[in-house]
Amino acid sequence: MNIIDMTIHELHAALKGKQLSSVEATTAMLARIAAVEPQVGSFITVTSEQALAAAAAADQIIAAGECHLLTGIPLALKDIFLTEGIRTTCGSRILNNFIPPYSATSWEKLRDRGAVLLGKLNQDEFAMGSSNESSAFGVTRNPWDTTCIPGGSSGGSAAAVAARQAVATLGTDTGGSIRQPASHCGCVGLKPTYGRVSRYGVIAYASSLDQVGPLTRDVADCAAMLEAVAGHDPKDSTSVDTPVPNYAATLTHGVKGLKIGLPKEYFIEGLDPDVQKAMDAAIETYRRLGAEFVDISLPHTGYAVATYYLIATAEASSNLARYEGVRFGHRSNKAEGLIDMMTKSRSEGFGAEVKRRIMLGTYALSSGYYDAYYVKAQKVRTLIMNDFITAFADVDVMLTPVAPTPAFKIGEKINDPLQMYLSDIFTIPVNLAGTCAMSLPAGFSAAGLPVGLQLIGKPFGEETILRAGYAFEQATEWHTRKATI
Ligand code: GLN
């Protein structure tokens with residue numbers, strides 16, 4: 001089997017059985033990155049030297065007989081994760097030369113298990129976007145069709161897995177940024193429950209929504225990555241101190257008797273026929289496997305996008321105030337005086353979408369509008385949360401599309417922010433409710449683009465969606481198909 005095609009589990013078996021070394025695996029991945037990067041553009045920074053050194057260290061650990069599932073496995077991270085000594089840009093000019101003095105907890109956990117870092121992945125600037133077109137480091141292309149977007153904002157994280165440039169990656173999801181690119185690139189992507197994974201050292205976009213999660217080739221790898229990064233972190237007070245289940249142990253338990261809810265607000269007119277077809281087939285598969293379907297309603301779904309764009313922009317306007325050219329990041333050299341320096345540094349450093357959101361958020365928080373917009377949005381958020389609580393009294397998981405359409409063309413929506421914002425209509429409510437959801441491959445469009453299926457779980461119900469995802473994967477072959485690149 002070709003090294004670049006291996007899952008974490010396959011590579012682990014080969015490393016443990018000494019058929020392969022981590023240096024060989026890492027060398028193969030670096031060669032693959034070099035070969036396809038001109039067409040895909042998944043990476044902002046490739047850390048070849050450090051990767052080979054880490055791989056050699058992993059090989060020694062393996063030789064000593066200690067081989068964790070992630071020891072020697074070449075991974076990559078969205079460029080939103082701080083990595084000590086390695087440039088971290090968050091896709092922005094304002095952090096073009098930023099070298100963090102410390103690392104994100106989630107990366108430290110992977111590194112401590114012996115994982116090898118191949119590099120830092122492209123993304124929408126400050127994770128604001130659904131297409132990866134707002135990066136200051138160029139677009140990332142969809143490995144299934146390079147005229148299409150890979151999704152966003154973790155576009156590089158999804159494209160790198162699909163193009164076999166990394167075995168697995170980490171992304172972040174504030175309104176769909178793991179699930180939507182996973183769907184568009186044909187990989188598995190999981191947004192954990194708010195509080196499940198530490199966000200220490202992850203550059204903040206909208207702090208009441210942001211979560212860290214894995215993008216992988218299959219569900220078993222997703223379970224392994226989640227288990228490695230999950231858990232309480234004293235450095236992140238929003239991380240919750242509940243035990244991390246052994247996700248792998250229950251993967252094979254099947255879906256017999258599982259109650260799956262179909263929220264009627266997610267199966268709307270105007271859903272792309274290719275997406276509808278994949279959903280119908282998925283429902284049929286689950287029926288065959290013994291799951292029961294229940295029609296449910298999440299009545300406030302129609303308000304989710306508007307609510308999200310008030311809360312997310314309000315929080316972003318506050319979080320992004322720290323980039324003022326004084327302590328770190330880009331500083332304008334054309335300025336006279338302190339205020340002018342801050343203004344020019346921000347004007348030069350931020351891209352158009354980030355500026356739009358800072359202005360929208362500042363407006364929503366300003367006196368006179370605060371109650372009408374921000375407080376109102378918080379109230380609607382509670383209604384959306386309650387929708388999920390009510391519906392989950394009757395079902396174990398929910399099944400929905402991830403996105404209304406397969407990947408769209410590069411340039412198609414970039415000048416129409418509203419259209420772009422609507423591409424997250426099915427993913428945003430999950431973030432507002434704070435619960436967990438996973439995207440997994442469920443078919444292909446007539447044009448050959450991947451279509452994902454979303455499984456939404458109860459808060460801290462990752463075990464159940466992983467189990468349901470695994471059962472689906474065992475019964476289908478979508479996840480085995482490879483992008484043509
Ligand atoms: N596309 C959404 C946005 O632009 C979600 C982004 C995300 O999840 N980081 O805000």
Side-chain angles (χ1 to χ4, degrees), residues 77-81 90-92 121-135 140 149-158 169-185 189-194 197 199 202-215 304-320 350-361 364 377 381 402-405 407-408 412-414 416-439 452 454:
L77 303 172
K78 185 176 183 179
D79 212 14
I80 200 168
F81 292 88
C90 214
S92 183
L121 298 160
N122 208 348
Q123 59 166 94
D124 280 297
E125 184 176 7
F126 284 103
M128 297 173 186
S130 310
S131 67
N132 224 100
E133 293 167 292
S134 78
S135 169
T140 299
I149 56 100
S153 65
S154 311
S157 301
T169 61
L170 283 187
T172 59
D173 191 313
T174 305
S177 279
I178 290 174
R179 290 160 287 157
Q180 185 255 22
S183 173
H184 287 343
C185 289
L190 190 143
K191 183 208 98 73
T193 308
Y194 189 78
V197 181
R199 296 157 329 147
V202 180
I203 295 174
Y205 161 18
S207 306
S208 76
L209 300 158
D210 298 341
Q211 251 299 289
V212 168
L215 292 101
V305 173
T307 304
Y308 170 86
Y309 276 96
L310 283 166
I311 294 174
T313 55
E315 293 180 11
S317 72
S318 162
N319 274 327
L320 271 58
F350 289 135
E353 184 59 29
V354 174
K355 286 178 185 163
R356 176 171 17 246
R357 296 198 187 195
I358 292 172
M359 287 190 278
L360 281 170
R381 181 177 187 173
V402 180
T405 65
F408 44 90
E412 194 178 316
K413 299 192 183 177
I414 195 69
D416 190 347
L418 205 55
Q419 275 308 310
M420 190 73 91
Y421 297 173
L422 285 171
S423 39
D424 300 320
I425 193 159
F426 301 140
T427 48
I428 275 174
V430 169
N431 301 75
L432 291 169
T435 194
C436 60
M438 176 167 68
S439 169
Q454 176 168 241

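Counting convention: from 1, in listed order, for ligands and their atoms alike.
- Among K78, K191, R179, the single residue meeting the salt bridge (charged side-chain N to carboxylate O under 4.0 Å, His left out) criterion with D173 is R179.
- Counting heavy atoms closer than 4.0 Å to ligand 1, residue T174 contributes atoms from both its backbone and its side chain.
- At a 3.5 angstrom cut-off on N or O pairs, D173 does not count as close to ligand 1.
- Remark: the backbone N or O of R357 is not paired with any side-chain donor or acceptor of T313 at under 3.5 angstrom.
- Using a 4.0 angstrom heavy-atom cutoff, R357 counts as in contact with ligand 1.
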Yes or no on side chain to side chain donor-acceptor pair (under 3.5 Å) for D424 and S130, after CA distance, side-chain angles and deciding distance?
CA-CA 8 Å; D424 300 320; S130 310; 2.8 Å; yes
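- Looking only at heavy atoms of the protein, atom 1 (N) of ligand 1 is closest to D424 OD2, 2.5 Å.
- The shortest contact between atom 6 (C) of ligand 1 and any protein heavy atom is with S177 OG, 2.8 Å.
- Between G152 and D124, the closest heavy-atom pair is CA-OD2, 3.6 Å.
- Side-chain contact annotation: Q123 with S153, donor-acceptor N/O pair under 3.5 Å absent.
- Here is the list of ligand 1 atoms found below 4.0 Å of a heavy atom in Y205: 3 (C), 9 (N), 10 (O).
- Under the 3.5 Å distance criterion, the side-chain polar atoms of T307 are left unmatched by any main-chain donor or acceptor of A377.
- In plain terms, the two heavy atoms of Y205 and A312 that are nearest each other are OH-CB, 3.8 Å.
- By the criterion of a heavy-atom distance under 4.0 Å, neither the backbone nor the side chain of Q211 is placed next to ligand 1.
- The N/O atoms of G152, backbone and side chain alike, include none that comes under 3.5 Å of an N/O atom in ligand 1.
- For a threshold of 3.5 Å applied to N or O pairs, the pair formed by G176 and ligand 1 contains at least one separation below that value.
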One pair to check against side-chain contact (heavy atoms from CB on, under 4.5 Å): T140 and S135. What are the steps and the verdict?
CA-CA 9 Å; T140 299; S135 169; over 6 Å; no
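- Atoms of ligand 1 found under 4.0 Å from any heavy atom of G175, numbered from 1 in the order shown, are 5 (C), 7 (C), 8 (O).
- The shortest heavy-atom contact between E353 and M128 is CG-O, 4.0 Å.
- At a heavy-atom distance under 4.0 Å, only side-chain atoms of Y309, from C-beta outward, approach ligand 1.
- Per-residue contacts place Y308 under 4.0 angstrom from the following atoms of ligand 1 (heavy atoms of the residue considered): 2 (C), 3 (C), 5 (C), 6 (C), 10 (O).
- Taking every heavy atom of A127 and a limit of under 4.0 angstrom, the matching atoms of ligand 1 come to 6 (C), 7 (C), 9 (N).
- Between F126 and F350, the angle of the ring planes goes over 60°, which puts this pair in the perpendicular group of the 30/60° scheme.
- Under a 4.0 Å criterion applied to the non-hydrogen atoms of M128, ligand 1 contributes the atoms 4 (O).
- With a heavy-atom cut-off of 4.0 Å, S153 touches ligand 1 through its side chain alone.
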